[in-house]
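The next block holds one structure in the form of structure tokens; read it before the comments.
Keep in mind that the numbers below use all heavy atoms, side chains included, and drop hydrogens, waters and symmetry copies. Counting begins at 1 with the first residue of the sequence.
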Amino acid sequence: MSRMFEVVIQLSCLLAGISCVVALDQDLIIDRIQYCLEQGQLMNIKDRKCHSIFGQGPCDDGEWWVQKSPGPSCSGKECKVPKEFITGLGECKPNRCALPKVFYNGTCVYIENASVCTERGKGLVVNLKGETECKCGNGWAQDSFGKCQQLFSQGNCKDNEIFITRTEALKRNDIDVPCRIGDTCKKECEEKTYKYFIQTLNESYGFIDNRCKIEGQSKLGICCPNDIPQSNLNESIPWYLDRLKTIEDTRGICIRNPCPPGQSLFSDLNSVDPDAVTCYEADDSIKTCKDDIDFIEGFLVCPDPLFDIKSTSTKLAIACRRGYFWHRRKKRCVRGYGRR
């Protein structure tokens with residue numbers, strides 16, 4: 001909202017003999033919330049500045065800037081923000097644990113603690129509010145139905161297809177990576193604000209799920225929404241909040257298995273280059289594997305369900321927050337392939 005527009009509103013109110021200071025201030029706050037969201041950031045209600053999630057922002061040492069949780073009551077300027085827009089604000093919370101531990105159920109637990117998340121394929125993941133919850137863990141990703149599927153297995157894909165992250169699919173020259181329903185893959189979006197939003201998600205959070213590639217394009221395109229509700233804040237703010245929340249999840253995609261018969265793609269975290277995805281000799285059992293695929297002496301197998309592979313294998317069920325994976329030699333979460 002421009003300064004000229006503010007003056008016009010104030011003059012209109014004076015001529016009408018009414019006070020619109022409160023309404024104007026609320027409009028300015030809501031306007032600023034949208035501006036921050038367009039930057040991929042959250043607004044500080046105290047000074048209306050924008051800050052990146054998971055950074056220190058305006059917080060003290062030992063704290064981080066995360067999404068505000070809606071509460072039963074409000075105080076101060078927060079009361080001017082409609083409840084449905086509260087998550088467009090940020091707040092400082094104690095960052096109680098240092099990797100490889102995360103705060104869960106009132107205590108610091110190791111992120112590789114497989115006993116915490118009991119549902120198959122789930123691991124500990126930090127959400128936008130700085131809270132740890134069970135989501136698709138490292139080595140797993142969401143399919144198009146929101147279900148966790150094992151990476152490098154057939155999952156819910158067709159015969160001779162393999163389930164990999166969109167990030168990995170985008171690296172391959174012979175694979176089309178389409179957008180979600182409602183988006184169109186283009187070289188650039190007509191809406192420049194959204195283009196900057198996508199760029200921020202990529203650079204600040206390592207999130208490139210809104211990138212695409214079709215018809216053998218050599219350069220990545222952008223998934224441009226067919227309709228961005230810019231003029232109506234009641235629609236546009238929830239729209240941006242929904243898009244921002246997608247950085248919590250890792251999404252996968254079905255592609256044709258590019259490996260020769262008897263081989264399949266896999267990422268060996270114990271290799272010299274843990275980011276590398278390579279074709280390895282594979283047993284047919286990995287296509288429908290319901291447990292973590294095991295990598296033994298260059299060969300991919302699905303563990304025998306009667307054999308407790310977790311207690312004897314060097315492959316641990318580990319989950320790091322988005323943009324990071326557990327590096328076995330460094331013994332910590334590092335930015336890279338695993339949670340991007």
Side-chain angles (χ1 to χ4, degrees), residues 111-125 134-172 174-177 249-320 325-329 336-340:
I111 53 176
E112 72 269 25
N113 190 336
S115 64
V116 175
C117 301
T118 56
E119 188 176 346
R120 186 173 67 90
K122 295 291 183 72
L124 294 176
V125 177
C134 293
K135 289 197 170 189
C136 297
N138 205 44
W140 299 72
Q142 275 190 9
D143 62 13
S144 57
F145 302 101
K147 302 294 185 181
C148 294
Q149 299 293 336
Q150 170 103 255
L151 292 173
F152 308 115
S153 71
Q154 184 174 326
N156 286 334
C157 306
K158 299 176 182 178
D159 290 341
N160 201 35
E161 288 187 340
I162 188 171
F163 187 69
I164 66 174
T165 62
R166 287 180 59 86
T167 303
E168 182 57 36
L170 288 168
K171 298 177 184 177
R172 311 197 73 84
D174 56 344
I175 299 296
D176 284 352
V177 184
D249 303 306
T250 296
R251 290 193 295 153
I253 187 173
C254 295
I255 67 165
R256 174 184 52 80
N257 186 2
C259 301
Q263 295 187 13
S264 187
L265 286 176
F266 194 71
S267 174
D268 177 21
L269 298 184
N270 288 314
S271 66
V272 176
D273 182 6
D275 290 351
V277 175
T278 310
C279 291
Y280 293 100
E281 296 291 330
D283 187 82
D284 284 343
S285 62
I286 72 166
K287 294 179 181 179
T288 56
C289 193
K290 302 300 182 182
D291 205 335
D292 291 340
I293 295 174
D294 201 27
F295 186 65
I296 302 176
E297 297 181 355
F299 193 77
L300 302 176
V301 296
C302 184
D304 187 333
L306 299 179
F307 180 66
D308 186 9
I309 191 70
K310 292 185 183 298
S311 65
T312 58
S313 172
T314 58
K315 181 175 176 55
L316 298 174
I318 295 170
C320 299
F325 75 97
W326 181 258
H327 198 296
R328 294 170 181 270
R329 293 190 305 278
Y337 164 75
R339 287 296 302 159
R340 203 180 296 160

Euclidean distance, N160 CG relative to I255 CD1, rounded to 0.5 Å: 10.5 Å
Spacing of R256 atom CZ and D176 atom CG [to the nearest 0.5 Å]: 10.5 Å
Shortest non-hydrogen contact between V125 and K135, atoms and distance: CG2-CB, 4.1 Å
Shortest non-hydrogen separation from C117 to G123 and the atoms involved: SG-C, 3.6 Å
T250 side chain reached by R166 side chain, heavy atoms, under 4.5 Å: no
Side chains of L265 and C279 in contact at under 4.5 Å (non-hydrogen atoms): yes
Spacing of L151 atom CG and W140 atom CH2 [to the nearest 0.5 Å]: 9.0 Å
S144 side, atom OG; N156 side, atom CG - distance, nearest 0.5 Å: 7.5 Å
Flag side-chain contact, heavy atom, 4.5 Å: V277 against I164: no
Minimum heavy-atom distance F163-Q149, with the two atoms named: CE2-CB, 3.5 Å
Trace of the side chain to side chain contact (heavy atoms under 4.5 Å, CB included) decision for I162 with K287: CA-CA 8 Å; I162 188 171; K287 294 179 181 179; over 6 Å; no
Any D283 side-chain heavy atom under 4.5 Å of F299 side chain: yes
Check: Q263 side chain, P260 main-chain N or O, donor-acceptor pair, under 3.5 Å: no
Under 3.5 Å: donor-acceptor pair, side chain of D143, backbone of C254: no
Mutual orientation of the aromatic rings belonging to F295 and F266 [parallel < 30°, tilted 30-60°, perpendicular > 60°]: parallel
Closest heavy-atom pair and its distance - S264, C259: C-SG, 3.6 Å
Point-to-point distance, once rounded to the nearest 0.5 Å, from CZ of F152 to CG of N257: 11.0 Å
For the student: nearest non-hydrogen atoms of K122 and C148, plus distance: CE-SG, 3.4 Å
Interatomic spacing from SG in C134 to CG in L124 - rounded to 0.5 Å: 5.5 Å
Distance-minimising heavy-atom pair for C136 and A141: SG-C, 3.9 Å
